[in-house]
Participant: 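For reference, the structure I am asking about is given below.
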Amino acid sequence: MPLALLALAVGAFGLGTTEFVMMGLLPDVADDLHISIPTAGHLVSAYALGVVIGAPLLAALTARLPRRTVLISLMGLFVAGNALSALAPGYDSLLAARFLSGLPHGAFFGVGAVVATGLVAPERKARSVSLMFMGLTVANIAGVPVATLMGQHLGWRATFLGVSLIGVAAMAAVYFLIHPTHTPAPASGLRGELTALRSLPVWLALATTVVGFGALFSAYSYITPMLTHSAGYAEASVTLLLALFGVGATIGNLVGGRLADHAMRGTLFGGLASMVAVLLLFPVLMRTEWSAALAVVLLGIAAFITGSPLQLMVMERAAAGPSLASSANQAAFNLANAGGAWIGGAALAAGFGATSPALAGAALAILGLGVAAVAFAVDRSRTIPPTGRERVIASHVPEPTEPVHSS
């Protein structure tokens, strides 16, 4: 695999750290700014809103620019947003800075995934995407716990300054490790990107992301009360257990990328089916401490097996203009975060028990299997080249010529 993928992973590590660290810093931010914790929770929502809006918007605005330039510019915006977060004098300015920090998130992952697949041979595309996403999963193992500890001991502002430095390192890595010849400006431009986005298979793939990852967030958003109320863990142990989720996510991400290069359809269905099984077992696994820890790891593995196949599926169904659709998939991921958390919370509020969000997630995963089945049924009615991998051409878009890849 090219060393250039490391540059994309460093950027993903920074993005993952700043996205999830706010959850651990909410009490510190609330105390310092003299606001309630629910009010401070809006800082998490502001980042997610920035991702949803910024992913398609920035991908569209930069459609005619060289992708290396786009990646560096997006990380520059990320650095600015986190630096402004560290310097924010009050709650309102911090809310705006968090929104600004979220704007480049989805576009970086979307454009980065397109760049990653262009750096490798066709049979390694899913693996290249998984290696970039590894920065995000490793952030849950190391980045978020370290950044949280930094915020607790040095102040939350120090955390965002530290994340800004990660962004500077990512900019340097992209500049020095990704050669300009590997990231030319797309020939299709904005019109081609928008044409590809009108394809029904693209929207079915995006719907699979929303429902499939909604299953994850239905359970994961309420993992702390499950671990403390059902499994009997002390609250101080939850941080370590969340790191175990990161370990599982990293394993699932790497395994999913390797398997998807051989059978994208089978990997996607297998990952969703695994999520159904794991989430249905949550009420049993959450009865003891050791089995609860195992459940956290298994949830990470099952969920992130589907990450690379879903990203690649969206890109291949928007073959003539993949950057916008790829970025839109990151917006879909954040919609899954918000929607899954709401559904899990509704199950909890209805009095169905501490593990009921996991059962609601299992229902969403089953629905995800149904959406994926519809997506592949639609694919079968369209032109499918007789190759070893399932490559589907987006509707009304001619098949592009295969570029020359460097390894």
Side-chain angles (χ1 to χ4, degrees), residues 5-33 37 40-41 43-44 47-48 51 75 78-88 94 97-98 101-102 104-105 108-109 112 131-174 220-221 223-224 227 233-254 293 296-297 299-301 303-304 307 337:
L5 292 175
L6 176 63
L8 300 174
V10 173
F13 178 81
L15 290 164
T17 299
T18 200
E19 179 179 20
F20 295 111
V21 74
M22 180 55 74
M23 294 139 184
L25 296 178
L26 285 183
D28 303 274
V29 174
D31 289 342
D32 186 49
L33 299 181
I37 288 183
L43 297 167
V44 177
Y47 186 93
V51 176
M75 287 312 300
F78 168 81
V79 171
N82 282 279
L84 289 173
S85 297
L87 301 173
L94 180 57
R98 285 292 291 171
S101 300
H105 180 113
F108 183 89
F109 275 106
L131 289 177
M132 182 188 73
F133 281 179
M134 189 170 67
L136 177 64
T137 59
V138 171
N140 284 281
I141 302 173
V144 173
V146 171
T148 302
L149 288 174
M150 182 187 298
Q152 291 170 347
H153 290 86
L154 301 177
W156 61 269
R157 297 179 187 276
T159 294
F160 291 112
L161 286 176
V163 173
S164 296
L165 293 178
I166 297 175
V168 172
M171 292 174 69
V174 170
Y220 187 65
S221 300
I223 196 70
T224 297
L227 292 170
Y233 275 103
E235 289 188 6
S237 304
V238 172
T239 301
L240 176 61
L241 290 165
L242 295 184
L244 287 179
F245 174 82
V247 172
T250 302
I251 295 171
N253 176 54
L254 293 175
V296 171
V297 176
L299 179 61
I301 293 174
F304 278 85
N337 190 341

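Remember, predicted model here, so these are calculated numbers, not experimental data.
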Participant: Please confirm whether the ring centroid of Y220 lies under 6.0 Å from the ring centroid of F245.
Facilitator: yes
Participant: Check the orientation of F109 and H105. Use parallel for under 30°, tilted for 30 to 60°, and perpendicular for over 60°.
Facilitator: tilted
Participant: Mark yes or no for whether N253, through its side chain, and A249, through its backbone, hold a donor-acceptor pair below 3.5 Å.
Facilitator: no
Participant: Nearest 0.5 angstrom please: L299 CG to L244 CG, how far?
Facilitator: 12.0 Å
Participant: Testing the basics here: between V79 and V168, what is the closest heavy-atom pair and its distance to 0.1 Å?
Facilitator: CG2-N, 3.6 Å
Participant: Apply side-chain contact (heavy atoms from CB on, under 4.5 Å) to T18 and R98, showing your working.
Facilitator: CA-CA 9 Å; T18 200; R98 285 292 291 171; 3.4 Å; yes
Participant: Compare every heavy atom of A293 with every heavy atom of Y233, then report the nearest pair and how far apart it is.
Facilitator: OH-CB, 3.8 Å
Participant: Which distance, rounded to the nearest 0.5 Å, do you find between the CG of L161 and the CG of L87?
Facilitator: 6.5 Å
Participant: Taking all non-hydrogen atoms of both residues into account, name the closest pair between I166 and V10 and its distance.
Facilitator: CG2-O, 4.1 Å
Participant: Given the rule in the side-chain contact (heavy atoms from CB on, under 4.5 Å) test, do V296 and L227 qualify, once you have shown the distances and angles that lead to the verdict?
Facilitator: CA-CA 9 Å; V296 171; L227 292 170; 4.1 Å; yes
Participant: If I take atom CG from residue L15 and atom CG from residue N82, how far apart are they, to the nearest 0.5 angstrom?
Facilitator: 8.5 Å
Participant: Enter the distance from L25:CG to F20:CZ here, rounded to the nearest 0.5 Å.
Facilitator: 14.0 Å
Participant: So which atom in M132 and which in A12 form the shortest heavy-atom distance, rounded to 0.1 Å?
Facilitator: O-CB, 3.4 Å
Participant: After noting the C-alpha distance and the side-chain angles of L149 and V146, does the key distance pass the side-chain contact (heavy atoms from CB on, under 4.5 Å) rule?
Facilitator: CA-CA 5 Å; L149 288 174; V146 171; 5.7 Å; no
Participant: How long is the span from the CZ atom in R157 to the CG atom in L94, to the nearest 0.5 Å?
Facilitator: 7.5 Å
Participant: Checking the side chain of T159 only, and the main-chain atoms of A147 only, is there a donor and an acceptor separated by less than 3.5 Å?
Facilitator: yes
Participant: What verdict does the side-chain contact (heavy atoms from CB on, under 4.5 Å) test give for L254 and L131, after you've listed the backbone C-alpha separation in whole Å, the side-chain angles of each residue and the deciding distance to 0.1 Å?
Facilitator: CA-CA 7 Å; L254 293 175; L131 289 177; 3.9 Å; yes
Participant: So if I apply the side chain to side chain contact (heavy atoms under 4.5 Å, CB included) rule between M22 and each of Y47, W156, F160, which one comes out positive?
Facilitator: F160
Participant: Between V163 and F78, is any pair of side-chain heavy atoms under 4.5 Å apart?
Facilitator: yes
Participant: Closest approach of G16 and A139, non-hydrogen atoms and distance?
Facilitator: C-CB, 3.9 Å
Participant: Any side-chain heavy atom of M134 within less than 4.5 Å of one from T250?
Facilitator: yes
Participant: Give the minimum heavy-atom separation between S101 and G81, together with the two atoms involved.
Facilitator: OG-C, 3.0 Å
